[in-house]
**Student:** 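One structure follows; several queries about it will come next.
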Amino acid sequence: MDSLGLERIARERLPALLRTCPKAELHIHIEGSLEPEMIFALARRNGITLPYPNIDAVRAAYAFTDLQSFLDIYYAGAAVLKTERDFFDLAWAYLERAAADNVVHSEIFFDPQTHTERGVPIGAVILGLAHACRRAHAEWGLSAKLILCFLRHLSEDAALATLEAALPWREHFIGVGLDSSERGHPPEKFARVFERARALGLHVVAHAGEEGPPAYIESALDILEVERIDHGVRCLESPGLVQRLARERMPLTVCPLSNIKLRVFDKLADHNLPALLAAGLCATVNSDDPAYFGGYLNDNLVQTFAALPALGARDAYTLARNSFEASFAPDADKARWIAALDAHFIQATQAL
Ligand code: HPA
Ligand code: ZN
């Protein structure tokens with residue numbers, strides 16, 4: 001793309017370019033796409049009484065001070081999800097928004113333990129989500145895949161039991177991840193369950209370096225042998241680790257609005273995305289928990305670029321290209337999406 005003259009694209013044109021370009025999303029928790037309106041609708045459908053009088057009161061409760069204060073509310077919200085149809089509706093609502101953002105491929109996290117602990121059968125969770133993914137592909141050509149996450153505040157034995165319980169539905173998920181409270185729950189706590197997942201041919205990723213130290217990123221790489229790091233923004237505290245991540249072209253799934261809402265950075269203008277890109281890292285932009293953090297993927301991109309003058313059209317191209325390269329999609333799909341991305345940017349420069 002060097003010959004394209006991306007530098008000639010004016011800043012005013014960036015929002016439209018970011019919104020319209022094809023892209024992949026690699027870090028979205030489906031339970032984090034549960035909008036307050038749907039919390040109320042599902043509570044009504046399932047005969048659940050909520051501790052909030054109305055939707056505004058739910059939104060007012062979204063004042064987070066750190067990861068744990070968010071997780072407490074996120075798990076409480078998820079309690080309205082009971083049936084296979086609920087999980088279908090949840091995923092379908094997200095996929096409609098993703099399609100509107102020109103997402104052509106999404107790898108979606110889900111937290112089965114949040115639901116099985118409440119007595120929801122794991123098959124209902126997986127089948128409801130998988131049905132929506134299948135339908136998005138059939139109706140819009142949007143490729144959507146599932147990644148089963150273990151809750152790191154629970155034990156490794158619980159994670160192992162969850163993986164075994166999910167195996168009758170093995171064909172419906174492509175990988176495993178690790179989320180929830182990071183501090184005090186280092187990746188090495190889950191060495192055996194990740195070894196088992198790898199042996200089953202599953203892709204492996206883990207949240208690391210969001211609130212936790214760079215050492216957690218290192219143990220996710222060395223002990224869990226992950227193929228991507230979710231968040232990873234604290235890697236910049238360790239120059240040796242940054243060099244390694246660049247050398248290994250290890251993707252980071254960065255979530256800017258999440259980082260602001262959970263106070264990893266004070267404001268978007270302070271976000272280290274430009275520094276991650278300048279260091280040659282394979283960074284991507286993602287929405288994490290869009291219903292809680294104030295925006296879906298295009299909102300993350302547009303707001304981040306608006307706040308950071310160091311980011312330009314070349315970075316917009318690089319982030320979208322990284323999103324495809326870092327995905328677990330087949331090479332032929334990646335090549336097709338990257339060709340469409342190139343065509344999009346070629347058209348943008350020719351329109352100058
Ligand atoms: N970090 C850890 N766990 C999570 C997150 C996150 O950003 N979102 C949902 N579960
Ligand atoms: Zn996350």
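This is a predicted model, so every value here is computed, not measured. Ligands are counted one by one from 1 in listed order, and the atoms in each one are counted from 1 as well.
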**Student:** Is the distance between the Zn ion (ligand 2) and the nearest N/O/S atom of His231 smaller than 2.8 Å?
**Tutor:** no

**Student:** Is it true that Arg183 and Asp66 make a salt bridge, defined as a side-chain N closer than 4.0 Å to a carboxylate O?
**Tutor:** no

**Student:** Give yes or no for whether the N/O distance cutoff of 3.5 Å, strictly under, is met between His27 and ligand 1.
**Tutor:** no

**Student:** Considering heavy atoms of the protein only, find what lies nearest to atom 5 (C) of ligand 1 and give residue, atom and distance to 0.1 Å.
**Tutor:** His29 NE2, 3.6 Å

**Student:** May I ask you to say whether Arg192 pairs ionically with Asp157, meaning some side-chain N is under 4.0 Å from a carboxylate O?
**Tutor:** yes

**Student:** Okay, side chain of Glu31, backbone of Ala78: is any donor-acceptor separation there less than 3.5 Å?
**Tutor:** no

**Student:** I'd like to check Lys23 versus Leu319 (side-chain heavy atoms, cut-off strictly below 4.5 Å). Are they in contact?
**Tutor:** no

**Student:** What do we get for Asp111 next to ligand 1 when only non-hydrogen atoms under 4.0 Å count, side chain, backbone, both or neither?
**Tutor:** neither

**Student:** Does NZ or CZ of Arg336 fall inside the cone over Phe324's six-membered ring, less than 6.0 Å from its centre and within 45° of the axis?
**Tutor:** no

**Student:** Do me a favour and list the nearest non-hydrogen protein atom to atom 3 (N) of ligand 1 with residue, atom name and distance?
**Tutor:** Ser180 N, 2.8 Å

**Student:** Using a strict cut-off of less than 4.0 Å between a Lys/Arg side-chain nitrogen and an Asp/Glu carboxylate oxygen, indicate whether Asp289 and Lys261 qualify as a salt bridge.
**Tutor:** no

**Student:** So what does the His207 NE2 - the Zn ion (ligand 2) - His29 NE2 angle come to, to 10°?
**Tutor:** 90°

**Student:** Take every heavy atom of Glu182, measure it against each atom of ligand 1, and state whether any distance is under 4.0 Å.
**Tutor:** no

**Student:** Answer yes or no: is there an ion pair linking Arg228 with Glu107, defined by an N-O contact shorter than 4.0 Å?
**Tutor:** yes

**Student:** Could you tell me whether a side-chain N or O of Asn102 sits under 3.5 Å from a main-chain N or O of Pro22, the two making a donor and an acceptor?
**Tutor:** no

**Student:** Using heavy atoms and a 4.0 Å limit, tell me yes or no: is Leu71 in contact with ligand 1?
**Tutor:** yes

**Student:** Just let me know how Leu67 lines up against ligand 1, side chain, backbone, both or neither, with a heavy-atom cut-off below 4.0 Å.
**Tutor:** side chain

**Student:** Take the Zn ion (ligand 2) as the vertex and measure to OD1 of Asp288 and NE2 of His27; round to 10°.
**Tutor:** 80°

**Student:** Counting heavy atoms only, which part of Glu210 comes closer than 4.0 Å to ligand 1: side chain, backbone, both or neither?
**Tutor:** side chain

**Student:** Which protein heavy atom lies closest to atom 8 (N) of ligand 1, and at what distance to 0.1 Å?
**Tutor:** Asp289 OD2, 2.7 Å

**Student:** With backbone taken as N, CA, C and O and side chain as the heavy atoms from C-beta onward, which portion of Tyr74 lies under 4.0 Å from ligand 1: side chain, backbone, both, or neither?
**Tutor:** side chain

**Student:** What atoms of ligand 1 come closer than 4.0 angstrom to any heavy atom of Phe70?
**Tutor:** 8 (N), 9 (C)

**Student:** Suppose we measure from atom 7 (O) of ligand 1 to each protein heavy atom; which comes out shortest, and what is that distance?
**Tutor:** Asp288 OD2, 2.7 Å

**Student:** With Pro256, which of Asn272, Val285, Asp288 fulfils side chain to side chain contact (heavy atoms under 4.5 Å, CB included)?
**Tutor:** Val285

**Student:** Is Glu195 paired with Arg198 through a side-chain N to carboxylate O contact shorter than 4.0 Å?
**Tutor:** no

